[in-house]
Amino acid sequence: MHHWLSQEITEVLEAAWTCAEQGTVTQERIAAEAKTIVTETLLDECERGGYLVRRNDEIRLTTLGRQTAEEIIRRHRLAERLVVDVLGMTLEESEADACEFEHLLARGVTDAICTLLGHPRFCPHQHQIPPGACCRQAQQQVPAVVSSVDRLDIGEQARVAYLSAPQFARLQKLSALGLAPGATVKLLQRYPSYVVQCDETQIALEEEIARDIYVWRAADKR
Amino acid sequence: MPTLTAEPARVPVTEITEKQPRLLLVGNPNVGKSVIFGYLTGKYVTVSNYPGTTVEVSRGKLRYGGRDWEVIDTPGVNALVPQSDDERVTRDLLLAVRPDVIVQVADAKNLRRTLLVTTQLAELGVPMVLVLNLMDEARGRGIEIDVAGLQELFGIPVVPTVAIDGEGLYTLFKTIHHAKVPRDPLAVIRARLLSSAEFARVPAQTSGQVLPQQLTLEWLQTREASLRSGVEHWLEAQAPDWPVPRSDARLRTLAARLEEARNLWLEQSVARFKKTAPSVLASAESKTFPLAFTALGLGLALFLYTELGRLFGWQTPYGWLNAHLESGVLPAAQSWLSGHHLGTLGTLLFGQLNPENHAYENGFLYPLLTQLLLLIAPVLVPLALCLRRSRSFAERLGHWSRDWRTGLPVLLAVLLLMYEFVGVIGAGTLVDALENNLFNGLLTPWLQAWVPHGLVYDFLLGKYGLISVGLTYALALVLPIVTTFFIAFGLLEDSGYLPRLAILADRLFRVMGLNGKAVLPMVLGLGCDTMATMTTRILSTPKERLIATLLLALGVPCSAQLGVILAISGSLSLGAVVTVFGVVFSQMLLIGFLSSLIIKGQRGDFIFELPPIRTPQLKNIWAKTHQRIWWYLREALPLFLLGTVLLFGLDWLRVPTPWGRLSGLDMIENALAPLVTGILHLPRQTAQVLILGFLRRDYGAAGLFQMVREGALNSVQIVTSLIVLTLFIPCVANFFMIIREQGMRKALLMLAFITPFAIAVGGIVGWLLRALHIHF
């Protein structure tokens, strides 16, 4: 973690990352997105630090800038997941707390939270969480509190914590079939397709979708 | 999964103009809507297609309170937010038809899903009745629903029913009059969320008319533009001051939050209104189950023993009974009928005695009875009993049929039973009896004796006669095969087996850019490709629909064609069967794989509900089969007759050419000769078969069958021609359906690809077989 980074620079980098996800990065868009006042001096400071390059109005993150921003975004979105899934806060409440957490988490802690949450791929707003080293190594040895359906044992029951589907349509389809937060699911089959029981309904799913359904496992399984 | 559409469009729903009160039946799939529809409307049912889709919408009349009500049965939906075109129909009906009463039919044991639809319907502000159907299944699982509590919550009548046994249906009928506008339990939460400053732009109401806000927001978030556009147009007309948000991130967040709130409410409500008593769960097995289970074991053993006995020439009860019938009962019955001047009837029923092998041939009554009673019934009757007697057996069977280790043997058993029913009884016994005995043995000779020779004789009874060929092919050769296929398919459809087959097939279909859901159109294609092309609509993305349509047109043989292919290649050797199907299947895999790379777009999500394994209701099977046979006759018979007339005309018309007077057929054969004889190394007259195949695939197959019977082809030529005919262009009806579903441009592109491809594959296979000196 870059302790010497000021909060202003952190905000600029975070905004630049978010803008890049949506398309082009311009000074104007960064100013709109960042939760701080973006001045010429601040941007100069970022440029001197080697985080970004400015060409006319367009702004480009450097390799260092991208890496730093990625870490910040990862911390922020993981923090959002943490406050929503583990602390049970609403999406509205999560935002402010996530911002607080974002500045507090050290890298080791970030990875630990990521592992605890079962290496989630999307934040509660359905933005992608940049994967960390822990996700890449897929440290499955550490049993997670929140785990995805594909990691349940056959016959194991669990409660749905959240769905992390990137498309709204898929979310709606799953929730129409009863697979929504709070529902109890039981994994019945893994191959050739996943089959889960939810209430009195059996639902067939492909692996990718099973991976997007996050569940609380029973206490003795943790 | 939606069921197959058997009825073409008659009257689009939007054309209903009479001022009758309208009742709309809405609910999840497989909850018994159609049974309730049948009860409310009696026998008066018309089925019409929803414009622009192939989804069936049944309409009927209900006489109640001195007035005629229009009753509309909608396709099953899991929520009112559509995910595919067929689900869109229900939403459109709710918006366009403006029902006077909505009857929500629900599965009592799945309260969460029920309440999801109820809350969505409640937003519409239309008087409602909630029917909790399948109460028997809920009770069997020890589930108690607080009916009075639900009634109070929504302020609408709630009627518990077991529709299939008629329980509660009269109460429902009496209750329609008391339908009330439901209270919307989510209204307060919604109002609070919408009034927050962040979403101030979203108007709460528009032009004096309450807008289903949450639904509207969710409709607008639907992924596919085609599903959204209806609502956008509707909004523009109904609420011009509503800012139509197409991809506003804030509205997406709002929709997500509203959904979150609803999920929380649903969770609490299910906990409040649904109670489960675990003690009831254990006792859901009847005492007679062990007996039925033993009978099933014996039936399966008898079936397998008879099948193996046929292969290895063992003595089987089947053979013993046949021998007994042929030596004793049949001669006695024949002579008794002859004694009463009913010899013709005897021949029709039992066939004629072949003096060479002392067997009765071409009759249908006794082989049909023995095959049904000794092979099919001993398996299916105890199976149905077991399913009725024990819920845990039904569950276990459901499990066995979807797990790959047990699923493959189950699939094999299903295929064997289907082969026995469609292949042996349909394509064998019934075809023989109808073609040889009725048409060629009785009807045609009788007519030939009456009609004087000349043009009329040739037109009706000649080489390409309307009766001797057209009617015989359509009614004697093809109809028995499709009828038995429709029955078998209906049984599979209603038993809940097909979705489990989709699970087994998912991995394979992914190679072709599809998912397991595509198994339904593909299996249906084995019945009729035209019908199957219509049902590609159940696939959720345009890419999948296009690939499935292409593969159907390319390689899936229809039932009659399949029967003929099996009959012809089977008479050669097992190697021939394997070669034909191996080549066709590998080409489908290859083309599916390549087209999944070339065609842009996404593969759809593989998410679907597995209905419980149930015993099919014979009444429903009969109704479906009956409807499909009519559909087939309306579609096939005219084409068979038209094709025959065309052939007759081409054969009759003779034109002077430099090579002498040639008939139209000769000229076509000449034109195609370089292809047929040059590339494919087939006799010239095979060109005729290919032309017939374009009129109807099965017509072509039947023509080929005739050529093989006449000994016009050697074994390599038979295999080559079977491959070409299977891969060859789709029949006219299928081609029209492709145009309707995919548009003229794509249809022509498919045609332009498939035709040379089929000939190239046939040419290569033929060349390889000859080069390697392989004969069958």
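Proteins come first, then strands; the chains are lettered A, B, ... in the order of their sequence lines, and each starts at number 1.
Residue contact with chain B, scored on non-hydrogen atoms closer than 4.5 Å, involves the side chain of A:I209 exclusively. In this structure, no portion of B:R405 lies under 4.5 Å from any heavy atom of chain A. Neither the backbone nor the side chain of B:R262 comes within less than 4.5 Å of any heavy atom of chain A.
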Could you list the donor-acceptor pairs under 3.5 angstrom formed between side-chain atoms of residues 265-273 of chain B and any protein atom two or more places apart in sequence or on another chain?
unit_1 : atom_1 : unit_2 : atom_2 : d
B:E267 : OE2    : A:R159 : NH1    : 3.4
B:S269 : OG     : B:W265 : O      : 2.8

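For CD1 of A:I37, the number of neighbouring non-hydrogen atoms (other residues, nucleotides, ligands) closer than 6.0 Å is 12 at most. In the displayed structure, A:R60 atom CZ is contacted under 6.0 Å by at most 12 heavy atoms of other residues, nucleotides or ligands. Few gaps surround CD on A:E21; more than 12 heavy atoms of other groups in view lie less than 6.0 Å from it.
Side chain of A:Q189 to backbone of B:R402: a donor-acceptor contact under 3.5 angstrom is found.
Residues A:E206 and B:R603 are paired through a salt bridge, judged by an N-O separation under 4.0 Å between the basic side chain and the carboxylate.
To the nearest 0.5 Å, the span separating CG on A:D199 from CD1 on B:I143 amounts to 8.0 Å. The distance from atom OG of A:S193 to atom CH2 of B:W404, rounded to the nearest 0.5 Å, is 14.0 Å. Rounded to the nearest 0.5 angstrom, B:I503 CD1 and A:Y191 OH are separated by 13.0 Å. Summarising the geometry, atom CG belonging to A:L205 is positioned 6.5 Å from atom CD1 belonging to B:I607; distances are rounded to the nearest 0.5 Å. Annotation: the span from B:H399 atom NE2 to A:Q202 atom CD amounts to 10.0 Å, rounded to 0.5 Å. Distance check, rounded to the nearest 0.5 Å: CD of A:Q197 to CD of B:E395 gives 7.0 Å.
Among the candidates B:N28, B:D403, B:V77, B:L508, the residue making the largest number of heavy-atom pairs closer than 4.5 Å to chain A is B:D403.
Between B:R507 and A:R190, the shortest heavy-atom distance links the atoms NH2-O, 4.3 Å.
Chain A is approached within less than 4.5 Å, heavy atom to heavy atom, by B:K109, B:N110, B:R112, B:R113, B:L116 from residues 107-117 of chain B, ordered by number.
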